[in-house]
Amino acid sequence: MTSERPLTKDMKPGGEALSLREYERVGGYHSVHKALRMDPKNVTDLVTKSGLRGRGGAGFPTGSKWSFVPIGPDAPRPKYLIANADEMEPGTFKDRYLLEGNPHQLLEGMMIGARAIEAEVAYVFLRAEYVLAGKRVAQAIAEAYSAGYLGHRIFGSELNLELYLHVSAGRYMCGEETGLLNALEGKRANPRTKPPYPQVSGLFGKPTIVQNVETLANLPHILNNGADWFKSLSRTADAGTKLYGASGKVKRPGLWELPMGTTMRELLEEHSGGMQDGLKFRGVLPGGASTDFLTEQHLDVKMDFTETQKAGSRLGTGTMIVLDDQTCPVGMVWNLEDFFAQESCGWCTPCWSGLRWAERILGAFERGEGNETDLEKLTWITSFCAPGHTFCALAPGAAEPLQSALKYFREDFLRHIHEKRCPWR
Amino acid sequence: MLTPEERQEIEAELPRYPQKQAVCIDAMKIVQRHRGWVSDESIRDIAELLGMSADDLDGVATFYNLIHRKPVGRHVILLCNSVSCWIMGYERLHQRLCKRLGVQFGETTSDERFTLLPIVCLGTCDHAPALMIGNDLHVDVTPDSMDQVLENYR
């Protein structure tokens, strides 16, 4: 079965970026003309109808997010649109591909988003380690300015759009929507209280939309081909294609644009080529470090936002991390919790205190010093870190792999206790 | 004191933001690009230029792991220790690096050639394990291939 791959079909085999001219040759920047002729509200309505949901991890409906932004002559100005290119969720490597391979597609998506919310200023918020992506995005921005697609009176219209690249200086928290806003304002990337939501009071107190790279990259195609086409790309109720990936000890780790709702089995067996020889599949974090483990019983889950959630996890970023039988699940969760404890910004107690506590207990397990009370403590910590106890989603995300490991790999935790060592070391 | 060049580069960032403080991270990175790190003196100079207190700026500086508040070696090694690299052999790389360079994370070799730092997921997990040296990304690294790679950084 061949399926459409709107996001990646024009990518060059060697992965070089498309220049502005090359991008236009494959239909690029056509959709902005269309968006500029439309009423902003109609652009939002079209995106709402398409069913596009945010690809950064949370899956919030994009059109609905935009609909909260004040529109019209009385709206506060300037309004901001930000591309979240701070890809730092462990196990996630999808936005890098879009940024390096087709930066103009992202810029065009940003122009459409800016049109919909009447934003005058846009930023690409990029993590510092993406050096090549940074060069290519900067080059694309320069090309777009010299073509008159950015700046004053873009495409000869009456609209202005300034677009800047901001290269960050590290920290996972910068990918969190309100942490990102603080980082762009030159502050520590602590989260902000909501409400007010960024759509009303965001960057510098002005209405702001923050959108993941993959989400924005979908917009030109939705504008060009319509909402029904976008829905038809998917195998399930959640619309579009998805950049899926797999890492870990599979035969062919990689990244693939496939219909939304592709099953985990197909991703694992067909696209990843199955497990490396001699290894057995034990489980998977379906969408990055902050998603619950799924196991063999879930192989036929259609990997979209709705179905993955029904299975007890989240689609997250759609890039799977595969656990094999020769890797210790307790050691893996120890690594994850160490990451989350380190990246906690220190703002909320359950997060800064609870996650380091969990990490230390897991370390004790790996040294053969864990006991059954520790198992209860770990469960207890995950309940403290549940949604609603912290300002942002870092701690709830950190709780997901831990709580599901306690559920699916309990026997392995017990082996650490009984054998007084890590059986894998 | 900031050099005229540093000052000029920092001031060129100002029109991109409506408030001066928003430039502070860029400013520290500019200084770091020229000097390798950001000293207390540079913190005071940048803070003054941007109308911030030095304490406020240091609070920002210490939040971001890629702002170096201590001198670093000629080449900074960022070794990914996140989950996919951990599964694919990070620990062997870490052991080999520490042994070969004679340093732990956060330390600089006595000849000031390398500083070794951990880094979160580098977003190249299908080619794990990975590390960066300076601005260069190295993927599918093995302990042996890493030895060879290091030779290219004098």
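What you see below is based on every heavy atom in this structure, not just the backbone, and it leaves out hydrogens, waters and symmetry mates. All values derive from a computational prediction rather than experimental measurement. Protein chains get the first letters and strands the later ones, always in sequence-line order, with residue 1 at the start of each.
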Can you establish whether the number of heavy atoms outside B:R74 located under 6.0 Å from its atom CZ is more than 12?
yes
Please list, chain by chain and in numerical order, all residues satisfying side-chain contact (heavy atoms from CB on, under 4.5 Å) with A:R425, sequence neighbours excluded.
A:W334, A:E366, A:C422, B:E91
Quick check: do B:D126 and A:F93 have side-chain heavy atoms less than 4.5 Å from each other?
yes
Taking all atoms of both residues into account, what is the closest heavy-atom pair of B:N81 and A:N335, and its distance?
O-ND2, 2.9 Å
Comparing A:P78, A:A128, A:G254, A:A246 against chain B, the one with the most heavy-atom pairs below 4.5 Å turns out to be A:G254
Counting heavy-atom pairs under 4.5 angstrom with chain A, the leader among B:N65, B:I67, B:D26 is B:N65
Ranked by heavy-atom pairs below 4.5 Å to chain B, first place among A:N190, A:V167, A:D95, A:L255 goes to A:V167
Taking the side chain as every heavy atom from C-beta outward, state whether B:V120 and A:Q342 have any atom pair closer than 4.5 Å.
yes
Give the member of A:M88, A:E162, A:E343, A:R127 that has the highest number of heavy-atom pairs under 4.5 Å with chain B.
A:R127
Okay, B:L50 and chain A: the region with an atom under 4.5 Å from a heavy atom over there is neither
What are the two closest non-hydrogen atoms of A:A189 and B:Y64, and how far apart are they?
N-OH, 3.6 Å
Go through B:L137, B:I25, B:L122 and name the one with the most non-hydrogen pairs under 4.5 angstrom from chain A.
B:L122
Chain B contact via A:R96 - side chain, backbone, both or neither, heavy atoms under 4.5 Å:
side chain
Check each atom of B:P129 against the heavy atoms of chain A and say whether the ones under 4.5 Å are side chain, backbone, both or neither.
neither
Between A:G331, A:C345, A:A289, who has the most heavy-atom pairs with chain B when the cutoff is under 4.5 Å?
A:G331
Quick check on A:T92 against chain B: is it the side chain, the backbone, both or neither that has a heavy atom closer than 4.5 Å?
backbone
If you take all heavy atoms of B:W86 and A:C328, which pair is closest and at what distance?
CH2-O, 3.8 Å
Do you know which two heavy atoms are closest between B:C121 and A:G91, and how far apart they sit?
SG-N, 3.4 Å
What are the two closest non-hydrogen atoms of B:F63 and A:M173, and how far apart are they?
CZ-CB, 4.3 Å
Determine the minimum heavy-atom distance between A:G186 and B:C24, stating which atoms define it.
O-SG, 3.2 Å
Treating A:K187 as the side-chain partner and B:A22 as the backbone partner, does any N or O pair qualify as donor plus acceptor under 3.5 Å?
no
Would you check if A:D324 and B:I87 make a side-chain contact, meaning some heavy-atom pair closer than 4.5 Å?
yes
Pair count under 4.5 Å, heavy atoms only, with chain B: among A:N182, A:L132, A:V131, highest is A:V131
For B:Y17, the option from A:F204, A:Y123, A:Y164, A:Y80 that meets ring-ring contact (aromatic ring centres under 6.0 Å, His included)
A:Y123
Does the side chain of A:E129 reach to within under 4.5 Å of the side chain of B:L66, using non-hydrogen atoms?
yes
